[in-house]
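As the structure is a prediction and not an experimental result, all values here were calculated from the model. Just follow the structure's listing: the first ligand is 1, and inside any ligand the first atom is 1.
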Amino acid sequence: MRERSVLINPSILASDFSDILGALDLISSLELDYVHLDVMDGMFVPNITFGPKFIKDIRKHSDLVFDAHLMIENPERYVKIFSDAGCDIITVHKEATRHLNRTLAMIREEGKEVGVAINPSTSVHEIECDLVNVDYVTLMSVNPGFGGQRFIPESLRKIRALDEIRKREGYEFRIMVDGGVNLKNHIAIKEAGADILITGEAFFKASDPAAFVEEMES
Ligand code: DX5
Ligand code: ZN
């Protein structure tokens, strides 16, 4: 096992969907653990990507930890469906569900790891009551909907604030950061307290993915 200061979670949104198994193989060949699956409904976010059928089909070909980032309205309607599709982590947006506590409990009852995501304009304090119930918090560092956007610098303050709450309360959830993560900002993001870096374009456009991973993990 190599030393890693942070884990990398590649987002297949930036991959060529006509060669999705190639993308999964690339991730596995680099000995990464996670793959980030951006599910978009055209309502919560302007874009539409893929749904549970796609995830179920690729599940048969991969042992990676499937991290489903549900950017859909009222995700509680779909927790069981994405669970059955083979997701390992189900992440819902605080802004998309009226009863977040109940939705998180539904994910837990399915035996899945529980994630909550918040948009750039949502304060970490708005999910403070829920932190005891989650395994992952995904801090969006772009407005969700599209890959390849620029990292919003104010996100660093939110990562620090969340890390402080975590230390103060003795929580064990991991902090993921999603959007615009690249080799120019990864150190600052890590130093702020992030544990897992979600990366789409920077990963899939890297000319040498192994060197990219090595630099990001160092
Ligand atoms: C944006 C998605 C992100 C995105 C990250 O709505 O949630 O996961 O794919 O991609 P990059 O690294 O290209 O910003
Ligand atoms: Zn995402």
Side-chain angles (χ1 to χ4, degrees), residues 6-17 20 23-24 26-27 30 32-52 54-55 58 64-73 75 78 82 85 87-97 107 113-122 134-156 158-159 174-190 194-207 209 212-213 215-217:
V6 77
L7 299 177
I8 300 173
N9 185 359
S11 164
I12 56 156
L13 186 60
S15 73
D16 178 352
F17 284 2
I20 192 63
L24 295 172
L26 172 66
I27 297 167
L30 296 167
L32 300 176
D33 304 313
Y34 294 89
V35 62
H36 184 77
L37 306 169
D38 285 307
V39 178
M40 305 187 188
D41 68 350
M43 293 292 288
F44 181 67
V45 289
N47 201 359
I48 299 177
T49 54
F50 50 78
F54 178 82
I55 295 175
I58 62 174
L64 291 164
V65 176
F66 276 21
D67 167 34
H69 177 193
L70 302 187
M71 285 163 275
I72 61 181
E73 287 287 356
Y78 289 98
F82 280 97
C87 300
D88 298 297
I89 306 167
I90 299 181
T91 295
V92 296
H93 268 263
K94 187 244 176 321
E95 303 87 356
T97 182
I107 301 171
E113 290 204 283
V114 179
V116 62
I118 56 172
N119 284 336
S121 66
T122 301
V134 301
D135 302 301
Y136 298 91
V137 177
T138 298
L139 294 179
M140 294 306 301
S141 42
V142 299
N143 287 293
F146 302 95
Q149 301 182 75
R150 190 128 30 103
F151 181 85
I152 297 172
E154 289 74 29
S155 311
L156 292 175
K158 286 174 65 176
I159 303 169
R174 274 150 286 175
I175 301 175
M176 300 209 206
V177 177
D178 189 10
V181 177
N182 57 40
L183 287 178
K184 293 200 182 103
N185 56 25
H186 73 113
I187 293 175
I189 297 169
K190 233 170 3 188
D195 308 289
I196 301 174
L197 307 181
I198 295 162
T199 166
E201 287 228 333
F203 177 84
F204 281 101
K205 286 199 172 157
S207 53
F212 173 86
V213 165
E215 192 170 342
M216 270 228 162
E217 285 181 342

* Asked: Within a strict 4.5 Å, meaning less than it, do heavy atoms of the F82 and V92 side chains meet?
  -> no
* E95 side chain near T122 side chain, heavy-atom distance below 4.5 Å -> yes
N/O pairs closer than 3.5 Å, ligand 1 and protein:
| unit_1 | atom_1 | unit_2 | atom_2 | d |
| --- | --- | --- | --- | --- |
| ligand 1 | 6 (O) | G145 | N | 2.8 |
| ligand 1 | 7 (O) | D38 | OD1 | 2.9 |
| ligand 1 | 7 (O) | H69 | ND1 | 3.3 |
| ligand 1 | 7 (O) | D178 | OD2 | 2.8 |
| ligand 1 | 8 (O) | H36 | NE2 | 3.3 |
| ligand 1 | 8 (O) | D38 | OD1 | 3.1 |
| ligand 1 | 8 (O) | D38 | OD2 | 2.8 |
| ligand 1 | 8 (O) | D178 | OD1 | 2.6 |
| ligand 1 | 8 (O) | D178 | OD2 | 3.0 |
| ligand 1 | 9 (O) | S11 | OG | 3.0 |
| ligand 1 | 9 (O) | D38 | OD2 | 3.0 |
| ligand 1 | 12 (O) | G200 | N | 2.8 |
| ligand 1 | 13 (O) | G148 | N | 2.8 |
| ligand 1 | 13 (O) | E201 | N | 3.0 |
| ligand 1 | 14 (O) | G180 | N | 2.8 |

* To do: Please round to the nearest 0.5 Å and tell me the distance separating atom CG of L70 and atom CE of M40.
  => 11.5 Å
* Please test F203 against L197 for side-chain contact (heavy atoms from CB on, under 4.5 Å), starting from the C-alpha separation and ending with a verdict. => CA-CA 11 Å; F203 177 84; L197 307 181; over 6 Å; no
* Would you indicate whether Y78, at its atom OH, is surrounded by more than 12 heavy atoms from other residues, nucleotides or ligands within a distance under 6.0 Å? => no
* **Short side-chain to backbone donor-acceptor contact, N119 and S121, under 3.5 Å** => no
* Structure fact -> Within the 2.8 Å cut-off the protein N, O or S neighbours of the Zn ion (ligand 2) are H36 NE2, D38 OD1, H69 ND1, D178 OD2
Please output the side-chain donor-acceptor pairs of residues 134-144 that fall under 3.5 Å, not counting sequence neighbours, one pair per line with the distance.
| unit_1 | atom_1 | unit_2 | atom_2 | d |
| --- | --- | --- | --- | --- |
| D135 | OD2 | R108 | NH1 | 2.9 |
| D135 | OD2 | R108 | NH2 | 3.4 |
| D135 | OD2 | V114 | N | 2.8 |
| Y136 | OH | Y34 | OH | 2.9 |
| Y136 | OH | E113 | OE1 | 3.2 |
| Y136 | OH | R174 | NH1 | 3.3 |
| S141 | OG | D178 | O | 3.0 |
| S141 | OG | G179 | N | 3.4 |
| S141 | OG | G179 | O | 2.7 |

Side chains of residues 7-14: which donor-acceptor pairs under 3.5 Å do they make with residues two or more places apart or in other chains?
| unit_1 | atom_1 | unit_2 | atom_2 | d |
| --- | --- | --- | --- | --- |
| N9 | OD1 | H36 | N | 3.0 |
| N9 | ND2 | D67 | OD2 | 2.9 |
| S11 | OG | L13 | N | 3.3 |
| S11 | OG | D38 | OD2 | 2.7 |

* **Stepwise side-chain contact (heavy atoms from CB on, under 4.5 Å) test for V39 and F50** => CA-CA 6 Å; V39 178; F50 50 78; 4.0 Å; yes
